[in-house]
Amino acid sequence: MAADRRTVIENCSIATVDAHDTEYADGYVVIAGHRIESLGAGKAPEDLENVERRIDATGHLVTPGLVNTHHHYYQWITRGLATDHNLFNWLVALYPTWARIDEQMVYAAAQGSLAMMARGGVTTAMDHHYVYPKDSGDLSGAIIRAARETGVRFTLARGSMDRSEKDGGLPPDFAVETLEGALTATEATVKEYHDASFDAMTQVAVAPCSPFSVSTELLREGAELARRLGVRLHTHGSETVEEEKFCHELFGMGPTDYFESTGWLGEDVWMAHCVHMNDSDIAAFGRTKTGVAHCPSSNARLAAGIARVPDMLAAGVPVGLGVDGTASNESGELHTELRNALLINRLGAHREAALNARQALRLGTYGGAQVLGRAGQTGSLEPGKLADLVLWKLDTLAHASIADPVTALVLGAAAPVTASFVNGRQIVEAGRLLHVDEDAIARSTRVEAQRLARIAAQ
């Protein structure tokens with residue numbers, strides 16, 4: 001939308017998730033072009049020019065768009081498999097299938113993953129893609145194309161693996177890249193797609209997969225590459241007790257100390273899961289401002305454990321929420337992770353004091369933007385920030401009797417999305433995607449899932 005063209009949203013509750021957790025019981029938001037121009041209590045100013053649209057948002061809560069900080073889109077076409085496995089056994093069961101993906105499959109799976117998140121309030125998404133079989137096509141390009149078509153703000157974490165079964169890792173030998181091949185392809189992806197501008201729609205991070213699927217050299221040289229190119233770093237860390245045992249046996253130290261020894265702690269780093277961390281680990285993350293993508297549903301699905309999120313927040317660790325791959329979180333929806341993060345953390349040591357509804361919403365919005373390095377542009381509703389926001393309908397049977405709208409959103413049933421805006425452009429209307437065909441995506445994902453299953457069975 002042109003910078004002088006305005007959309008006015010009125011008569012809504014607003015949770016800004018700014019530094020003061022400012023909220024308005026009845027307020028307005030003005031979007032000018034691709035940015036938030038103003039917001040506040042009561043009615044919007046009467047003298048606004050070039051107002052192209054006014055939205056009566058009675059019965060709605062407006063929040064920043066949700067930010068997803070960890071995912072594996074390709075897994076959309078392997079959902080519902082290995083449902084009773086822990087992480088290592090689950091990986092061993094599925095790697096042989098994943099190693100047979102191709103560009104067409106990855107594109108369909110990315111469409112499905114993105115569509116499910118976007119229709120549920122995600123405006124900034126990411127994908128940690130690390131499976132690049134030989135001669136499988138342009139997988140990174142396919143994922144980025146799907147994100148652009150859906151209309152979300154996007155970070156591709158260009159992953160890699162070079163430690164296969166013959167080297168003591170978990171992936172099959174034919175499923176990994178060489179050290180040089182991974183680094184070269186990652187650098188090429190950054191140079192082709194990464195946009196460092198304020199309103200960037202596509203960014204790229206350097207993202208070797210995990211300590212048990214990459215060599216020490218790939219971790220160390222990957223960190224050096226990311227810093228030379230000025231991009232962020234992402235990987236899996238401290239997900240299970242088996243991983244901790246693996247690190248001690250192979251490297252003589254725990255995951256956090258190993259990551260620190262390879263240059264993988266810092267403000268430009270975020271890691272997925274971080275379930276099994278002791279006080280020293282959490283202190284190291286807090287001291288270095290290393291971020292965490294908390295994935296409560298996946299951690300429960302794989303029986304990994306409960307991440308110490310309250311302790312991380314108390315130590316100053318940036319924490320966001322992640323769906324994780326949909327082979328370990330079949331719903332693929334981030335808005336349900338608000339509720340699950342609150343509930344699962346209350347099963348931990350802090351019990352009912354672990355998290356409240358507003359802390360959960362902050363994890364899913366501003367916390368996620370911090371983790372992706374974009375808190376200056378999105379993650380809260382403030383004048384000058386990008387117009388990434390969601391209108392949640394809270395006046396139906398599912399929520400109407402809950403007086404507090406934030407509590408209704410977080411603890412109630414999954415709330416319908418009436419409208420979702422990214423960069424000032426609407427991408428969802430009444431729960432349906434505006435720029436892609438959901439029904440066609442559903443059909444193509446089913447076809448590609450069946451094709452992959454046939455290939456893997458041969």
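Contact check for Thr262 versus Arg220: side-chain heavy atoms found under the 4.5 Å cut-off. Proximity of Leu343 to Leu411: side-chain heavy atoms (C-beta onward) are separated by under 4.5 Å at one or more points. Within the 4.5 Å cutoff, the side chain of Val371 has no heavy atoms near those of the Arg232 side chain. Trp264 places a side-chain heavy atom less than 4.5 Å from the side chain of Thr235. In this structure, His273 and Cys295 have side chains that are in contact, with non-hydrogen atoms separated by less than 4.5 Å. No side-chain heavy atom of Glu337 sits less than 4.5 Å from a side-chain heavy atom of His294. For the pair Leu218 and Glu177, the minimum side-chain heavy-atom distance is 4.5 Å or more. Between Ser238 and Glu244, every side-chain heavy-atom pair lies at or beyond the 4.5 Å cut-off.
One N or O on the side chain of Asp162 and one on the backbone of Ser215 form a donor-acceptor pair closer than 3.5 Å. The closest donor-acceptor contact from the side chain of Asn278 to the backbone of Ser280 lies under 3.5 Å. Judged purely by atom type and a 3.5 angstrom limit, Thr184 uses its side chain to pair as donor or acceptor with the backbone of Glu180. At distances below 3.5 Å, not a single donor-acceptor pair connects side-chain atoms of His435 with backbone N or O atoms of Thr150. Looking at His129, its side chain does come within 3.5 Å of a backbone N or O of Val131 through a donor-acceptor pair. At least one donor-acceptor pair under 3.5 Å links the side chain of Arg100 to the backbone N or O of Pro96. Of the possible polar contacts, one joining the Arg374 side chain to the Phe198 backbone as a donor-acceptor pair under 3.5 Å is found. Between the side chain of His72 and the backbone N or O of His128, at least one donor-acceptor pair lies under 3.5 Å. Listed for the Asp173 side chain is a donor-acceptor partner under 3.5 Å among the backbone atoms of Lys166. Although no hydrogens or angles enter the test, the distance criterion places no donor-acceptor pair under 3.5 Å between the side chain of Arg227 and the main chain of Gly222.
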- Derivation of the side chain to side chain contact (heavy atoms under 4.5 Å, CB included) call for Arg228 and Leu225: CA-CA 5 Å; Arg228 174 165 60 82; Leu225 173 66; 3.1 Å; yes
- CA sep, side-chain torsions, deciding dist, call: Tyr73, Val106, side chain to side chain contact (heavy atoms under 4.5 Å, CB included): CA-CA 7 Å; Tyr73 294 173; Val106 167; over 6 Å; no
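A ring-ring contact (aromatic ring centres under 6.0 Å, His included) with Phe251 holds for exactly one of Phe259, Phe212, Tyr258; it is Tyr258. Shown are Val406, Thr407, Leu61; of these, the side-chain contact (heavy atoms from CB on, under 4.5 Å) with Leu361 is made only by Val406. The only option from Thr326, Val447, Leu452 that meets the side-chain contact (heavy atoms from CB on, under 4.5 Å) definition with Ile77 turns out to be Leu452.
For Gln450, the CD atom is densely surrounded, since the number of other residues' heavy atoms within 6.0 Å is greater than 12. Sparse packing is recorded around CZ of Arg446, with 12 or fewer heavy atoms of other residues, nucleotides or ligands lying under 6.0 Å away.
A salt bridge between Arg158 and Glu192 is absent, with no side-chain N of the basic residue lying under 4.0 Å from a carboxylate O of the acidic one. Under the 4.0 Å criterion applied to side-chain N and carboxylate O atoms, Arg451 and Asp102 are assigned as salt-bridge partners. A salt bridge is defined here as a Lys NZ or Arg NE, NH1 or NH2 lying under 4.0 Å from an Asp or Glu carboxylate O, and Arg153 with Asp388 meets this definition.
When all heavy atoms are compared, the tightest approach of Pro211 to Arg163 is O-NE, 3.7 Å. Taking both residues in full, the closest heavy atoms of Gly151 and Ile427 are given as O-CG2, 3.8 Å, listed atom of the first, atom of the second, then distance. Contact record, Leu334 with Gly364: CD2-O, 4.5 Å, taken as the closest heavy-atom pair.
Rounding to the nearest 0.5 angstrom, the gap separating the NZ atom in Lys245 from the NE2 atom in His276 is 14.0 Å. Here the straight-line distance linking atom CD1 of Ile282 with atom OG1 of Thr256 works out to 9.0 Å at 0.5 Å rounding. Going from atom NZ of Lys289 over to atom CD of Gln370 covers 9.0 Å, rounded to the nearest 0.5 Å. Expressed to the nearest 0.5 Å, how far OG1 of Thr123 lies from CG of Asn68 amounts to 10.5 Å.
Between the side chains of His71 and Asp127, no donor-acceptor pair of N or O atoms lies under 3.5 Å. Residues Glu103 and Tyr107 bring no donor and acceptor atom of their side chains to less than 3.5 Å of each other. Inspection of the His350 and Asp311 side chains reveals an N or O donor paired with an N or O acceptor under 3.5 Å. Side chains of Thr16 and Glu382: a donor-acceptor N/O pair is absent below 3.5 angstrom, by distance only.
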Donor-acceptor pairs under 3.5 angstrom involving side-chain atoms of residues 201-210: please list them, not counting sequence neighbours.
from	atom 1	to	atom 2	distance (Å)
Gln203	NE2	Asp195	O	2.9
Ser210	OG	Ser213	N	3.4
Ser210	OG	Ser213	OG	2.7

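Partners of Arg454 according to the salt bridge (charged side-chain N to carboxylate O under 4.0 Å, His left out) rule, which considers only residues two or more places apart in sequence or in another chain, do not exist here.
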